[in-house]
Amino acid sequence: MKTSDYLKKYGVKLKKHLGQVFLSDDRIAKRIVKEVGLTPEDVVVEIGAGAGTLTEELAKTGARVIAYEIDESLAPVLRERLSKYPNVELRFEDFLKAKDIPEGAICVSNIPYSITGPIMEKIIEWKFKRAIVMVQKEVGERILAKPGKKTYGYLSVVVQTFYEVKKPFDVSRSCFVPNPEVDSTVVDLKRKPVDLDFEKFKKFVSMIFAKKRKTLKNNLKPFLSIFEGVDLSRRAEQLTVEEIVELYEKWRRALECSRG
């Protein structure tokens with residue numbers, strides 16, 4: 001049965017406030033799962049199971065699948081579609097409030113467009129060893145952007161600090177129901193061996209990108225004494241991830257020393 005048939009069978013009404021757009025092309029789901037290369041020993045977390053197109057392909061691998069879905073009206077669809085897969089656990093709750101993600105899990109998801117930023121931050125916080133996520137194409141460009149590009153900013157830096165990023169392929173808007181107004185991009189993230197305090201780091205990155213057209217000297221004005229002897233004439237968008245981490249470490253150490 002097709003995804004659209006399941007939705008019609010159970011009279012599912014799409015909720016605009018959740019920005020619901022469901023992957024309906026199982027060829028794309030198969031391609032994503034193939035990209036991940038799952039084994040039955042893997043634990044997979046899916047954020048936003050929707051109508052279960054991707055969930056079903058994940059289940060076929062034999063991996064343990066934990067699928068989050070905030071909309072309980074989709075429960076009949078998901079339970080029928082996934083009833084023959086004992087390796088799938090459905091959690092009808094908000095992933096952003098999740099408490100118990102297994103260590104070493106892999107995230108594979110078609111991320112809801114409206115909350116992409118908070119979800120990407122949660123992926124970093126939960127330390128997924130790998131994440132294959134489908135996002136709005138514009139967001140994908142920001143995640144993948146390099147220094148000097150217009151799209152390079154806060155999201156690029158925080159993701160690339162903790163993950164190696166690449167783009168396996170784009171996905172046409174015609175592969176979803178209903179068809180969104182934009183195409184999507186699949187982004188592959190592999191965790192780096194980085195040990196930073198994420199809350200402090202994202203605060204620092206937000207600060208240096210607060211006024212994107214301003215120089216570091218302007219954005220770091222309250223902390224100029226910390227950066228004495230450092231060239232702050234460039235803008236944050238011109239710095240590599242490594243340079244930003246160096247500045248952050250200098251800022252963090254100075255603040256810790258000042259607090260005794």
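The analysis underlying the following values was restricted to heavy atoms, covering all of them including side chains, and did not include hydrogens, waters or symmetry mates.
Considering only heavy atoms from C-beta on, Leu247 stays 4.5 Å or farther from Trp251 through its side chain. Put simply, the side chain of Tyr154 does not reach to within 4.5 Å of the side chain of Arg142, judged on heavy atoms. You'll find the side chain of Phe169 reaches within 4.5 Å of the side chain of Ile32, heavy atoms only. Side chains of Phe95 and Ile115 form no contact here, defined as non-hydrogen atoms less than 4.5 Å apart. In this structure, Met120 and Leu155 have side chains that are in contact, with non-hydrogen atoms separated by less than 4.5 Å. The side-chain heavy atoms of Thr161 and Phe198, taken from C-beta on, include no pair separated by under 4.5 Å. Asp42 places a side-chain heavy atom less than 4.5 Å from the side chain of Lys129. A heavy-atom distance below 4.5 Å is found between the side chains of Leu23 and Met134.
We find the CG-CD1 distance between Leu58 and Ile106 to be 10.0 Å, quoted to the nearest 0.5 Å. Here CG of Leu90 is found 10.5 Å from CG of Leu74. Values are rounded to the nearest 0.5 Å. The CD1 atom of Ile132 sits 11.0 Å away from the CG atom of Leu54 when rounded to the nearest 0.5 Å. Here Thr53 contributes atom OG1 and Arg27 contributes atom CZ; the two are 12.5 Å apart, rounded to the nearest 0.5 Å. If you take CD on Glu121 and CG on Leu96, they are separated by 9.5 Å, rounding to the nearest 0.5 Å. For the atom pair CZ of Phe201 and OG of Ser206, the computed distance is 10.0 Å after rounding to the nearest 0.5 Å.
Judged by distance alone, with hydrogens and angles left aside, the side-chain atoms of Asn179 form a donor-acceptor pair with the main-chain N or O of Arg173 at under 3.5 Å. Judged purely by atom type and a 3.5 angstrom limit, Glu237 has no side-chain atom pairing as donor or acceptor with the backbone of Gly153. Of the possible polar contacts, one joining the Arg130 side chain to the Val36 backbone as a donor-acceptor pair under 3.5 Å is found. A donor-acceptor distance shorter than 3.5 angstrom exists from the side chain of Arg191 to the backbone of Ile124, with no hydrogens or angles considered. Under the 3.5 Å distance criterion, the side-chain polar atoms of Asn219 are matched with a main-chain donor or acceptor of Lys211. With Glu69 contributing its side chain and Ala49 its backbone, the two residues share a donor-acceptor pair below 3.5 Å. The closest donor-acceptor contact from the side chain of Arg81 to the backbone of Ala51 lies under 3.5 Å. Although no hydrogens or angles enter the test, the distance criterion places a donor-acceptor pair under 3.5 Å between the side chain of Asn87 and the main chain of Ala63. The backbone N or O of Leu239 sits less than 3.5 Å from a side-chain atom of Tyr152, completing a donor-acceptor pair. Side chain of Lys212 to main chain of Lys150: a donor-acceptor pair is present (N/O by atom type, distance under 3.5 Å, no hydrogens or angles).
A pairwise comparison of heavy atoms in Leu144 and Lys167 identifies CD1-CB, 3.7 Å as the closest pair. What you find for Ser233 and Asp231 is that their closest heavy atoms are OG-OD1, 2.6 Å. A pairwise comparison of heavy atoms in Val171 and Phe176 identifies CG1-CE1, 3.8 Å as the closest pair. Closest non-hydrogen pair, Val158 versus Phe162, comes out as O-CD1, 3.1 Å. Heavy atoms only, all atoms of each residue included: Lys250 and Phe227 are closest at CD-CD2, 3.9 Å. Residue Thr61 comes nearest to Pro40 through the heavy atom pair O-CG, 3.8 Å, listed as atom of the first residue, atom of the second, then distance.
A salt bridge does not link Arg253 with Glu256: none of the charged nitrogens is closer than 4.0 Å to a carboxylate oxygen. One finds no salt bridge joining Glu93 and Lys99 here, because no Lys/Arg side-chain nitrogen approaches an Asp/Glu carboxylate oxygen to under 4.0 Å. Salt-bridge annotation for Arg91 and Glu89: present, with a side-chain N of the basic residue lying under 4.0 Å from a carboxylate O of the acidic one. By the 4.0 Å N-to-carboxylate-O rule, Lys30 lies close enough to Glu57 to be salt-bridged with it. A salt bridge is defined here as a Lys NZ or Arg NE, NH1 or NH2 lying under 4.0 Å from an Asp or Glu carboxylate O, and Lys203 with Glu199 fails to meet this definition.
Among the candidates Ile111, Asn110, Ile119, the single residue satisfying the side chain to side chain contact (heavy atoms under 4.5 Å, CB included) test with Val135 is Ile111. Each of Ile208, Val205, Asp197, Val157 was compared with Tyr248 under the side chain to side chain contact (heavy atoms under 4.5 Å, CB included) criterion, and only Asp197 meets it.
Atom NZ of Lys214 has 12 or fewer heavy atoms from other residues, nucleotides or ligands within 6.0 Å. Atom CD of Glu138 has 12 or fewer neighbouring heavy atoms from other residues, nucleotides or ligands inside a 6.0 Å radius. When the shell of 6.0 Å around NZ of Lys192 is examined, it contains more than 12 heavy atoms from other residues, nucleotides or ligands.
Using a 3.5 Å distance cut-off with no hydrogens or angles, the side chains of Tyr68 and Ser109 do not pair a donor with an acceptor.
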Begin from the C-alpha positions of Ile143 and Tyr163 and carry the test side chain to side chain contact (heavy atoms under 4.5 Å, CB included) through to its verdict.
CA-CA 10 Å; Ile143 290 172; Tyr163 288 91; over 6 Å; no

Does Glu46 form a side chain to side chain contact (heavy atoms under 4.5 Å, CB included) with Thr55? I'd like the steps, not just the answer.
CA-CA 7 Å; Glu46 183 187 13; Thr55 321; 2.5 Å; yes

Verify side chain to side chain contact (heavy atoms under 4.5 Å, CB included) between Phe223 and Leu255, making sure each step is shown before the conclusion.
CA-CA 9 Å; Phe223 305 102; Leu255 289 187; 4.1 Å; yes

Do Glu103 and Val43 pass the side chain to side chain contact (heavy atoms under 4.5 Å, CB included) test, and can you show the C-alpha distance, the side-chain angles, and the key distance before you say yes or no?
CA-CA 9 Å; Glu103 189 175 342; Val43 178; over 6 Å; no

